[in-house]
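A short write-up of the structure that comes next.
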There are 2 protein chains.
Amino acid sequence: MTYQVDGIAALADPTRRAIFERLADRPFAVGELAKELPVSRPAVSQHLKVLKDAGLVIDRADGNRRIYQVDPDGVGALRAYLDKFWNRALTAFKDAVEKGGETLS
Amino acid sequence: MTYQVDGIAALADPTRRAIFERLADRPFAVGELAKELPVSRPAVSQHLKVLKDAGLVIDRADGNRRIYQVDPDGVGALRAYLDKFWNRALTAFKDAVEKGGETLS
DNA sequence: ACTTACCGTTAGTAATGACTTACCAAGTGG
DNA sequence: CCACTTGGTAAGTCATTACTAACGGTAAGT
């Protein structure tokens, strides 16, 4: 489930990562985020859409405003994806060292 | 150390991720990778440079060829970065649920 | 020495994407 | 009902970047 891979692409952009890092601490409304960032509010809105499509954040209506917060499931999926490579890279590296015995730069 | 954050940006590109996924299984030469991918050899070379600058792969000279393989340290740094958010997101989410008691879509 | 194979780099182009301005919809309070 | 707030969307611009073609450089084979 949540075979959402391109959460990586979503976190590649610096502005988007800044938004995500703030949301990691506590929920935020769109305008609140825009005030703390050097970009306009529509830009924040577009970034939040990307993060939402990537499954990294979820949003809720609060009267006039929309509250965004991190989705632990999305972060967990990314973590699982990276863990897969972590393990594969470790075994591949170990095999290469055993067979080749060479040290790389 | 290895405060290498933009390994994320390096893995954002689909072609680069395809290269990285192959290297996760075993070491490859540049020409080998180019044969399996729908892009030219110089493109693969450029992507490998980005991955190398991001600390995700390491390369070694083997006579005429260059062998690339995954750098476990780089993957580990990415994993550590994500783990930080994983924990923060979990606690933030827990706090939000406790205080608000609201379920999000 | 010549040819072939393998690879990195450069230059130039096409495509992707991040941003702002402007506009529109919905909720809130006088 | 009207003014204000809040936020998503559209259109257009500008920078970034992924790609190919062409070149040069080094190693291996004949």
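As the structure is a computational prediction, the values presented were derived from the model and not from experiment. A, B, ... follow the sequence lines: proteins, then strands. Residue 1 opens every chain. Hydrogens, waters and symmetry mates play no part in the numbers below; they use all other heavy atoms, side chains included.
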What donor-acceptor contacts under 3.5 angstrom involve side-chain atoms of residues 33-47 of chain A, with partners at least two apart or in another chain?
from	atom 1	to	atom 2	distance (Å)
A:Glu36	OE1	A:Arg22	NE	2.7
A:His47	ND1	A:Arg16	NH1	3.4

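Atom CG in A:Asp6 sits roughly 14 Å away from atom P in C:dT16 (whole-Å rounding). Taking atom CZ of residue A:Arg41 and atom P of nucleotide C:dA22, one finds them 14 Å apart after rounding to whole Å. Between the CG atom of B:Leu48 and the P atom of C:dC6 there is a distance of 16 Å, rounded to whole Å. Atoms CD (B:Gln46) and P (D:dT20) sit 9 Å apart, rounded to a whole Å. One atom, NZ of B:Lys52, and another, C1' of C:dC7, lie 12 Å apart when rounded to the nearest Å. Atom C1' of nucleotide D:dG8 and atom CD1 of A:Ile67 are separated by 15 Å, given to the nearest angstrom. Regarding B:Leu51, its CG atom lies at a distance of 15 Å from the C1' atom of D:dT17, rounded to whole Å. Rounded to whole Å, the distance from CD1 on B:Ile19 to C1' on D:dC19 is 12 Å.
Checked by distance alone, B:Asn64 brings no side-chain donor or acceptor within 3.5 Å of a matching partner on the base of D:dA28. With hydrogens and angles left out, the side chain of A:Arg66 and the base of C:dG27 share no donor-acceptor pair within 3.5 Å.
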Evaluate side chain to side chain contact (heavy atoms under 4.5 Å, CB included) for A:Leu56 paired with A:Leu78, printing each intermediate quantity in order. CA-CA 9 Å; A:Leu56 291 176; A:Leu78 257 184; 4.0 Å; yes
Worked check of side chain to side chain contact (heavy atoms under 4.5 Å, CB included) between B:Phe85 and A:Val70: CA-CA 9 Å; B:Phe85 284 109; A:Val70 170; over 6 Å; no
Trace of the side chain to side chain contact (heavy atoms under 4.5 Å, CB included) decision for A:Leu48 with A:Leu23: CA-CA 11 Å; A:Leu48 284 171; A:Leu23 291 181; 4.1 Å; yes
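Taking a pair to require two hydrogen-bonding distances under 3.5 Å in either a Watson-Crick or a G-U wobble arrangement, D:dT30 pairs with C:dA1.
Judged by closest nucleotide on DNA chain C, B:Lys35 is the one of A:Pro38 and B:Lys35 placed further toward the 5' end.
Here the side chain of B:Arg65 is nearest to one of D:dA18, D:dT6, C:dC6, namely C:dC6. Considering only the side chain of A:Asp13, C:dC19 comes nearest among D:dC19, C:dC7, C:dC19. Each of C:dC7, D:dC19, C:dT20 was ranked by its minimum atom distance to the side chain of A:Ala43; first place goes to C:dT20. Side-chain proximity of B:Pro42 to the nucleotides D:dA22, D:dA18, D:dT9 is greatest for D:dA22.
Across A:Pro72 and B:Ala89, no two heavy atoms sit closer than the pair CG-O, 4.5 Å.
Considering only side-chain N and O atoms, B:Tyr68 lies under 4.0 angstrom from the phosphate OP1 or OP2 of C:dG8. Checking the phosphate oxygens (OP1, OP2) of D:dT20, a side-chain nitrogen or oxygen of B:Ser40 falls inside 4.0 Å. Phosphate proximity of C:dA18 to A:Thr15: absent, as no side-chain N or O sits under 4.0 Å from OP1 or OP2. At the phosphate of C:dA18, OP1 or OP2 sits under 4.0 Å from a side-chain N or O atom of A:Arg16.
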